[in-house]
Every structure is written in structure tokens, then in C-alpha cells.
Amino acid sequence: MSATQPLDFNDLPDEVMQELGEVICQEMRSRRTVRDFSSRAIPERVLEACLMAAGTAPSGANLQPWHFAVVRGGEMKKQIREAAEQEERAFYDGRAPDEWLDVLSHLCTDASKPFLEVAPALIVIFQKSKTTDHRGVESKTYYPKESVGIATGFLIAALHRVGLATLTHTPCSMKFLNKLLGRPSGEKPFLLLVVGYPSEDCKVPVIEKKPIDEIVSFY
Ligand code: IYR
């Protein structure tokens with residue numbers, strides 16, 4: 001039997017819940033994926049606090065199958081940019097089917113990824129197939145993709161909440177990240193998150209989010 005403790009639960013009045021729900025919706029709606037970053041530095045410790053928030057995410061058997069590699073050094077960012085652009089050129093010049101390129105076109109993306117060098121931090125999120133639990137016992141992980149997806153969502157929300165811009169970048173094949181960052185083969189790159197401040201004249205595409213009746217059904 002494992003130890004238990006009383007739940008610390010914040011039981012709020014209905015009106016407060018309603019108000020908070022609307023505030024959170026507005027806050028999350030104001031997050032936009034940014035592709036034009038400034039090189040302005042991020043205050044020390046802010047990234048760490050957001051990463052700790054990500055690390056509180058629920059996970060299969062609480063095995064926390066994630067690793068966050070934070071890249072701030074110019075040389076490593078340059079190497080990541082070069083390798084990512086090589087993958088992206090292959091993607092845009094043939095690997096991507098027309099159907100995919102069609103749905104992407106409104107975002108005006110291409111193989112050039114200067115933000116990988118300009119932005120002050122890149123966070124590479126790895127999904128672990130094995131991990132060591134709190135007793136030091138190695139175990140296979142369960143639902144690692146779901147778990148890492150949730151932790152990444154926590155991280156993106158936290159970074160937005162503290163006033164940082166992010167870009168969820170997924171070079172088509174991210175295997176080069178294991179080699180560059182010296183991560184073991186049991187760790188699979190899940191996402192490359194670019195973090196920083198938008199450039200002063202940053203523009204974003206006009207997009208729509210689906211209304212609630214298109215994304216939810218109540219039974
Ligand atoms: N990885 C490429 C292509 C790309 C794919 C999707 I799906 C996007 O939402 C955006 C881009 C790139 O980063 O350009």
C-alpha cells in the first residue's frame with residue numbers, strides 16, 4: 001500500500017469559477033504561434049519555473065516519461081538550425097505531399113528557420129520509452145506520448161502566462177536532435193519549442209478557432 005495524504009483542493013464558488021473560466025479562455029485565445037523572434041534574453045529562472053510547472057503534469061503510472069533539453073548557447077542553436085533546415089528543405093522540396101502543403105500554405109512557412117538561432121531559448125522535449133522511478137527501479141513507460149503531450153501543453157500554457165512567446169516546431173524527422181544533444185536512443189524527440197519575445201514588427205497570420213458547437217458535443 002502506498003502512503004496517502006489529504007487532498008489540497010481549491011473549492012471555489014460558482015461565480016468565481018465562471019469568471020475564472022472566461023478569463024482563462026481569453027488568456028489562452030490570446031496565445032499565438034510566433035515565427036518572428038527578437039534576440040532579447042529571457043529573465044533567469046523564468047524558464048525553470050515554467051519547466052517545473054510542466055513537470056507537474058499527470059502521466060501514465062506517474063512515470064513522468066519526459067526530458068526537456070534547454071538550448072541557449074549560440075553554437076548549439078546554429079547546429080540545430082542547420083540540421084533542421086536540411087530536413088525542411090527535403091520536406092518542402094518533395095517529401096511533403098501536395099495535400100499537406102495545401103493546408104499549410106496560409107501559414108506562409110518555408111524551409112528557412114532563422115528563429116532557431118535568433119530566439120534566446122529552444123526547448124527540445126523528448127519522450128522516454130524507459131525511465132527510472134522514485135525507488136530507482138527502471139521500468140518501461142506507459143502512454144508516453146499522451147503524457148508528454150499533456151506536459152508540453154502545461155509548458156506552453158505556463159510560458160504564455162508568464163509573457164513569453166512560443167513556436168511549436170516539428171522538423172520532419174527530428175532524429176538529428178538525439179545526436180546533437182547526446183540524448184540516448186530510448187528518448188524520442190517529441191517537439192522543438194522555440195521560446196522568447198516576438199520581434200517588434202512581428203506579424204501573425206489571421207486565423208480562426210472553431211466555435212464550441214463544432215468541437216464539443218454534450219450528452
Ligand atoms: N515542419 C514544417 C512544416 C509545418 C508543418 C505543420 I503540420 C505546421 O503546422 C507548420 C509547419 C515547418 O516547420 O515549416
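When a ligand or atom number is given, it counts from 1 through the structure's own listing order.
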Of all the atoms in ligand 1, which lie at a distance below 4.0 Å from a heavy atom belonging to H169?
13 (O)

Name the closest protein heavy atom to atom 2 (C) of ligand 1, giving the residue it belongs to and the distance to 0.1 Å.
E88 OE1, 3.1 Å

Can you list the atoms of ligand 1 that are under 4.0 Å from a heavy atom of T170?
1 (N)

Residue pairs, two or more places apart or on separate chains, that pass side chain to side chain donor-acceptor pair (under 3.5 Å) and touch residues 99-110:
Y92-T109

So, using side chain to side chain donor-acceptor pair (under 3.5 Å) as the criterion, who are the partners of E208 when residues are at least two apart?
none

Atoms in ligand 1 flagged as close to K113, the criterion being non-hydrogen separation under 4.0 Å
12 (C), 13 (O), 14 (O)

Check: D36 side chain, K203 main-chain N or O, donor-acceptor pair, under 3.5 Å
no

Strictly by modelled atom types, are Q79 and E75 linked by a side-chain donor-acceptor pair under 3.5 Å?
yes

Whether the side chain of R32 engages the backbone of P205 through a donor-acceptor N/O pair (distance < 3.5 Å, no angle test) should be reported.
yes

Could you tell me the residue and atom name of the protein heavy atom closest to atom 8 (C) of ligand 1, and the distance to it rounded to 0.1 Å?
L104 CD2, 3.3 Å

Starting from atom 7 (I) of ligand 1, which protein heavy atom do you reach first, and at what distance in Å?
W100 NE1, 3.6 Å

Atom indices of ligand 1, in the order listed, that fall short of 4.0 Å to a heavy atom of F91
3 (C)

At what distance is the nearest protein heavy atom to atom 3 (C) of ligand 1, and which residue and atom is it?
Y92 OH, 3.4 Å

Does the Lys NZ or Arg CZ of K128 fall within the cation-pi geometry relative to F126 - under 6.0 Å from the ring centre and within 45° of the axis?
no

